Structures are given as C-alpha cells and as structure tokens.
Amino acid sequence: MQQAQTAISGRLPDIDQRDLAWYVDKLLQFLVFIGGISAIILIIGIFTFVTIEGFGFLLEGFSFKEFFLSEWWEPTDEDEPTYGILALVAGTASVTGLAMIVAIPFSLGAAVYIGEFSTGKTREALKVMVELLAAIPSVVWGFIGLSIMNPLIIKLFDVPVGLNVLNAGIILGLMAAPIMTSIAEDALKAVPDRYREAAEALGATRWQVIYKTVLPAAKNGLLGAVLLGVGRGFGETMAVLMATGHAINIPGSVFDSVRALTATIAAELGETAVGSEHYQALFTIGIFLFLITFVINLTADLIVRGIRKS
Amino acid sequence: MVMPAEQAGVADSGQQAPAKIEVKDLSIHYGSDFTALSEVSLQIRENEIFGIIGPANAGKTSFLKSLNRMDDFTAGMRISGDILFNDINIRAVRNVYALRSRIGVVFPLPVGLPLTIYDNVALAPRLRGINEKAELDVIVERCLERAALWDEVKDRLNALGSLLSGGQQQRLTIARALSQEPEVLMLDEFSIAVDPVTTMRIEDVLKELKQEMTIILVTNLVQQAHRLADRTAFFLNGQCVEIGDTEDLFSGNVKDSKTQDYIEGRFG
C-alpha cells in the first residue's frame, strides 16, 4: 500500500518545474493554433485572388447600374458588350428558393423520423442511406434532371421545354436534402434525453414533446442546417447548369428556363481570353457570389447568437 | 514533498497546524459587474477538514474554482488577491498541471468518464507514467476500496464507468480523485447524487483520509459540516461571514448572529 502511494507522489513534477508533458502541451497548442488560423488565411487568400482577377473590370468597364439592374448579359456582343447580372441573380434565387421549398419539409421530416421515432436497425439503415444519398455527385443529379425529369415535365405539364426552374429546383432540393437531414438529425441528437423525459412525465404526447421541447432546444442547429442548404443552392454549379436550360431569362413561372450565376462562370470561363474584360467580369460575379455567401453566413451567425442571448 | 509519516504527528493536535493553503484578500468577479466573492482571507491548515457552508450564490464553488486555477477555463472570471499553496503563489507557478495534480476535485454531479471503471481510476497514474499492470492493480483496488465502491464493481472492472448509477459514479469520481494521492481534496457538495447510507460510508472514509491529506468540504448540509469539519467557514452573498472551530459554531459560540440563524435553519 505504502509503495503505491509513494510511487505516484515520486513521479509528480514539482509545481515550479516544467516537465516534458508541459512542453508537449505547449507545442501541440501551437500546432493546433496554426491549423486554426490557416482557415482564415485561406479565405483571405481566395478573396484576394478573386478580387485581383476581377479588379480591372471593377475599375474600368464596371457600371453599378448596368451590372445589377440590367437583365442583359451579352459579353460577346461585338458592338457593345453588356454585363448585367439581374437575370442570373433571378435564376439562382428562383432555383434556390424552390429547392428550399422542396428540401426543408423533406429534410426536417426525415430528421425528426430518424432522430425521434425510428429505432435500432431501421435507424441505422436510414442513416447510412442518407449519407449515401449525400455522396451522389452533382453531375449525376444533373443527368437525372436532363434525362428523366425533362421528358417527365414535358409530358405531365404539356410545356415545350422541361429544363426549367421547376426541374432544377426539384433536383437541387433533393440534392441538398440529405446533407440537411444529416445536420438536422445531429442537432436533434444533441438535445439531452432528460428534456424529453421531463416533458413526457407531464403527459405530453410524442408530437407535443417534439414540438414543445425538442425542436425549440435544437432550433440553432436546425437553422444551421437550412442555411447550409441555402448556401449549397447558391453555390451548386453542375446540376443547375444541366437542369435549368441555361437561358438568360427573368422567370415568369416555374416553367421558364433560367441561368444561374455559377453556371455562367463555369460555362464561359474556359472560352474567354485570360485578362480580357469578359474574363474579369466573370470574376466580378465570383466576388459577388463570395459576398453573398459571406452575408448568408454572417446573418446565420448573428441570428444564432441572438437566440443564444435571449 | 511531505510524507504521510511526517504528517501523522500533527494530524490531531488541533492547534495551529501549518497552513496548507493561505488565501489573502481574494475577490472573484464574473463579467464586468457581478461579484461572486469579495475580500476573503483565510487559512486552511494541513490535515484538517475545512467545511464551507452557506446558501446558494454565496461564492462557495467560485472559491473552490480559484484554488486550483480552474478559472483559466471560465471566460469572464477574474480573480484578485493572493492564494498560497505550500507557501507558493499559485498565480506564479510555472507548471499549473502539476499544481492541479496535487489538488483533487469532486464536483457535485458525478462525472464517470466514458472509459472502463478500471481505466477511470488508472487514468491519472498512467498520465504520470505508471504503466505496470501490477502497480496499477494495487492503486485501482485501493482507491475503489476507499471510495466504498470496490465490493460493488470488483467483478466488472471492465464495464463502462459512465454506465454506473449516479451514486456509484460519484464514488468512482472520488476514487479517481484519490488515484494520484492529492495533497488537498476538494469536495463540492459531493453527496447530492448519493444515497444516505453511501454518504455515511464516504464520510467515514473522509475522516480517515484527513490523516494523509487536507480536505475542503463545501456542503449544503449543515449537519454534514458538523459531523466532519474541524473548522467551518460560513459564506453569505460573496462574503466570508465567519470562520471558527466547528464545535464553537454549532454550540452557539458565534460572532455574527447570521451564522447562528443559518445553522439553525432560520434562513437559506
């Protein structure tokens, strides 16, 4: 007994003496710090790069009024090229909006079922499937839009073109739903069981427990899931390029073809001369996309903080 | 390093054992305007059980947090004044981890780490480089015995510690705190999640342990302080109202009538 006691005491470092463990701790703290700030450095680096590439256009050809308010994106017009992104913004916004209308009920419903109702093997199987769905490449979704949704929409709604806002919105919604489900389910899982038990002890039904205690407790995470979906919608390129019809147009209905901001960059960047006005204008769209994403994330952060405070 | 043999002589002398921890003008603030503790000065002597009683918001837990620099983790917690541990100012120690390894803490709610029961208790010795099975076996058995848990878990040491019942987890927490033979053991309302019978067993253990270490006992149970503590401090709203021999406080020999009111259950 006495031996065990002194064995430990004898190995403790003096409180005024730094041992190997202390130095290892400091070293690892430093390495983790480097890892942490590298994310910030990368973001600043990317923003700087995009800004520099689009800078010439911002200084010379750029007209605030034309860029944001003109619906004419005609960079290759020989007499007078115009660079208006209004129609592209409308395209991206309409597709993303429809995608969220599709994805939010799907993903929240799936998350509540997986997290609150299913048990055992069903639950495990569902989680694996959702993760598999999330891993499907976007070009495959675009292909489904092109070859399955397109004829289906033409047949069902009797419209001439099936590549439109409806097609891309549904495709994008289905595409964003799995990852949103996964995040929302994590948020529900993080709610401690004692909340559920406390509510159940009051005689609340399963739905009342979920609606009154679980969802409010998880709302930050759920909001995060939705905003991640919005971000995905804005940033997605390949699937919307294939399913929207890629026609510059301010949509009047879901059956109109549109063109997205990202798809424009993807389709045109390879055909422009590096450093030309067109090339720089595409990078200016890049800056704009970057700023939108930044604002979405910042808003989400502020909302979440606001919720936390109250 | 003070060996147990040397401590035995002073353990029960009652009078003026050397100060293990000396606190001078300790104030603790949270954020810009909340004062948890103001200008507390006291001495905790070697091999005594020092009880701290007082109602909620008295500053008891903040006091414990300051003693082993747990405030380093708590954002917005500011500390002024001096705390001396073995006559060394804990603000100035060069190795805070070594300091913490000498001061064991048991929190109010049990924390069974998600390791096996055996690994929970062997964690700290392993961190100190003890890897021999035979040596660890002795330490684990001894600590679990002392925390009055050995008989219940000796046949399933490889079960997960986090799956034990609340009371068992709390005894596991105590066993873990004892595993590196701390010089000071701080208990913050340890009996909240423990049944009365087990509480009594742990109290008996604490009476024995004070031969080897100094114990600080924060408790909401006034009678627990009466049963265990050699000296008791009464905290109220961030002030240390009174410190005295436990016997004096409980026999009505108090300097401040608020102390007597609290002890007799008239408020708090």
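Lettering of chains follows the sequences in order, A, B, ..., and the numbering in each one begins at 1. Just so we're clear, the structure is a prediction, and the values are computed from it rather than from any experiment.
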- Under a 4.5 Å heavy-atom cut-off, does chain A meet the side chain of B:Ala92, its backbone, both or neither? backbone
- Message: Does any backbone or side-chain atom of B:Ile88 lie under 4.5 Å from a heavy atom of chain A? Answer side chain, backbone, both or neither.
- Response: side chain
If you count every heavy atom of other residues, nucleotides or ligands that lies below 6.0 Å from [X] atom [atom1], does the total exceed 12?
| X | atom1 | result |
| --- | --- | --- |
| A:Lys212 | NZ | no |
| A:Phe290 | CZ | yes |
| A:Phe117 | CZ | yes |
| A:Phe106 | CZ | no |

- By residue number, those in residues 15-38 of chain A with heavy atoms under 4.5 Å from heavy atoms of chain B are A:Ile15, A:Asp16, A:Gln17, A:Arg18, A:Asp19, A:Trp22, A:Asp25, A:Gln29
- Message: I'd like to check the salt bridge (Lys or Arg N to Asp or Glu O under 4.0 Å) partners of A:Arg123; sequence neighbours left out, ordered by chain and number.
- Response: A:Glu185
- Query: What residues, two or more places apart in sequence or in another chain, satisfy side chain to side chain donor-acceptor pair (under 3.5 Å) together with B:Lys133?
  - Reply: B:Asp137
- Note on the structure: Here the ring pair (Phe, Tyr, Trp, His ring centres under 6.0 Å) pairs for residues 103-126 of chain B, sequence neighbours left out, are none
